[in-house]
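Nothing here was measured: the structure is a model prediction, and the numbers come from that model. In what follows, every chain begins at residue 1, and chains take the letters A, B, ... in the order their sequences are listed.
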Number of protein chains: 2
Amino acid sequence: MLKFHEYRNPALAIDLVVFGYYEKVLSVLLLNRNEEPFKNGWTLPGAFLQMEERFSEACGRILKTKLGMEHLFLEQLYSFDEPGRDPRGRVISVTYFALVNPRNFGLAAGKMANDVSWHDIKKMPELGFDHKKIFKKALERLRSKILYFPVGFELLDEMFTMTELHELYECILDISIDRRNFRRKILDSEYIIDTGQKREGLQNRHPSLYKFNKKLKQHNFNLNVS
Amino acid sequence: MLKFHEYRNPALAIDLVVFGYYEKVLSVLLLNRNEEPFKNGWTLPGAFLQMEERFSEACGRILKTKLGMEHLFLEQLYSFDEPGRDPRGRVISVTYFALVNPRNFGLAAGKMANDVSWHDIKKMPELGFDHKKIFKKALERLRSKILYFPVGFELLDEMFTMTELHELYECILDISIDRRNFRRKILDSEYIIDTGQKREGLQNRHPSLYKFNKKLKQHNFNLNVS
DNA sequence: CTTACTTTGCGTCATATTAACGCAAACATG
DNA sequence: CATGTTTGCGTTAATATGACGCAAAGTAAG
């Protein structure tokens with residue numbers, strides 16, 4: 001067997017699937033590459049892991065330097081290992097997915113640096129490397145996770161209306177959910193709190209604003225939608 | 001930014017959590033190390049990833065050479081990145097969990113090579129590296145997965161009685177489940193098929209033998225136990 | 001074979017959850 | 001003010017769940 005110091009191994013990259021939700025559209029941040037391979041093609045943002053860096057630090061570095069974002073919800077997704085996935089040589093990719101409210105970063109669709117942009121998940125371009133596969137895995141994870149864990153709040157403002165939350169779920173899951181049943185289930189689950197406040201606006205009264213109940217223990221939620 | 005060929009990165013290991021079920025006990029395969037670090041301590045079986053090897057190939061290599069096993073159920077678990085997790089230097093570990101019926105390999109408790117043995121998950125020794133953490137993650141995954149996916153069949157013989165399946169679920173989840181309600185749910189889910197056969201034995205009649213329904217589509221199962 | 005005990009298969013029933021949808025008050029718009 | 005939409009709350013039938021009864025089938029021992 002190989003001794004530790006003799007060991008030579010594949011390169012290790014971190015790639016990110018950053019989801020954003022804005023005006024009823026779920027999007028993913030893509031980078032337009034300015035170098036080979038896949039020059040001028042779209043890929044997920046990523047970087048090689050530094051020698052003493054943790055995965056989460058690498059994620060933070062990518063988010064900050066390439067995208068100008070900080071303190072996002074991050075979760076490890078999967079590690080990809082196909083030998084041909086990077087034409088430059090063997091690269092293992094550990095992937096994470098992130099959720100962000102684009103409004104917190106002034107990054108509404110179309111207003112970003114010219115090599116980074118949001119792409120509606122229903123209108124994705126071709127992606128370089130095996131990033132299509134990674135994206136699919138991330139979307140699948142988001143969809144299954146939101147059914148039992150209140151992960152969607154990361155995509156909304158701190159306070160939101162029931163309608164906004166309902167639209168978010170319909171958009172992410174790509175199904176229609178009965179508004180009244182959704183309301184009942186979400187309220188029963190105690191995942192959100194009625195702040196009693198209203199959004200100040202044009203007229204006198206408005207629908208209630210809710211916020212995420214951070215004190216909630218995890219597994220008492222099961223949005224069993226058809 | 002670093003050029004691809006200049007890049008130097010952490011070492012990459014694969015570690016396995018191999019679960020086996022035998023005589024109503026759920027166990028994990030551990031290796032007694034014969035070299036530093038953690039000499040004479042227990043660890044999960046693992047190896048460094050070879051340059052052109054896929055994760056699944058490395059898993060197969062570990063299973064075959066260290067444990068004499070082949071063709072197990074394998075699923076990627078998580079990738080671990082703490083800088084101090086290996087005293088020899090920076091090692092990233094991509095982990096998998098495997099399910100095996102020990103009877104298929106003649107590996108009943110205590111009958112293995114002297115440096116490999118099954119350990120009841122309720123009586124685990126101290127583990128080297130961060131392997132305790134990996135083991136916990138694997139057990140958590142197994143427990144949550146078995147509630148919505150028929151993953152337990154990998155641990156039983158091809159044909160099994162309802163009682164055996166029921167005992168397996170109680171053992172893995174470490175709870176008691178009403179026998180009659182379990183039966184109803186499992187049969188309603190169509191996850192198993194009544195083979196019509198009986199186990200040949202001492203007397204004339206025996207309980208039905210069932211087998212896993214391989215044609216089943218995935219997500220129509222929800223064992224909602226209390 | 002008979003008796004006593006355990007295991008297995010099937011059924012009942014009260015309660016909880018779900019899906020589908022009604023409706024009126026609050027709200028927006030011209 | 002008149003009209004259409006949004007929001008909050010409720011009802012109901014169908015289904016799922018948890019707790020448990022019971023008898024036929026199977027086992028063990030005299």
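Under 4.0 Å is where a charged nitrogen must lie from a carboxylate oxygen, and between B:Glu70 and B:Lys64 at least one such pair does.
A search for side-chain contact (heavy atoms from CB on, under 4.5 Å) contacts involving A:Phe38 returns A:Arg33, A:Pro87, A:Phe129, not counting sequence neighbours. With sequence neighbours excluded, no residue forms a salt bridge (charged side-chain N to carboxylate O under 4.0 Å, His left out) with A:Arg143.
In this structure, A:Asp188 places its CG atom 12 Å from P of D:dG10, rounding to the nearest Å. Taking atom CD of B:Glu167 as the reference point, atom C1' of C:dT8 lies 13 Å away to the nearest angstrom. Summarising the geometry, the separation between CZ on A:Phe182 and P on D:dC9 is reported as 16 Å, rounded to the nearest angstrom. If you take CD1 of A:Ile175 and C1' of C:dT18, they are 14 Å apart, rounded to a whole angstrom. We find that CG of B:Leu209 is positioned 18 Å from P of D:dA25, with the value rounded to whole Å. Per the geometry, CG belonging to B:Asp194 stands 14 Å off P belonging to C:dT8, to the nearest Å. Here the C1' atom of nucleotide C:dT8 and the CD atom of B:Glu164 are 13 Å apart, to the nearest Å.
Here B:Lys185 does not reach the OP1 or OP2 of D:dA16: none of its side-chain N or O atoms lies under 4.0 Å away.
A:Gln76 places a side-chain N or O within 3.5 Å of a backbone atom of B:Ser79 that can act as its donor or acceptor partner.
The number of heavy atoms from other shown groups lying within 6.0 Å of CD (A:Glu75) is above 12.
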Pairwise N/O distances under 3.5 Å, protein to nucleotides 9-12 of chain C:
from   : atom 1 : to       : atom 2 : distance (Å)
C:dG9  : OP1    : B:Ser208 : N      : 3.3
C:dG9  : OP2    : B:Arg183 : NH2    : 2.6
C:dG9  : O5'    : B:Arg183 : NH2    : 2.9
C:dG9  : N7     : B:Arg179 : NH1    : 3.0
C:dG9  : O6     : B:Arg179 : NH2    : 3.0
C:dC10 : OP2    : B:Arg183 : NH1    : 3.2

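Checked against a 6.0 Å centroid threshold, the rings of B:Phe73 and B:Phe153 do not count as neighbours.
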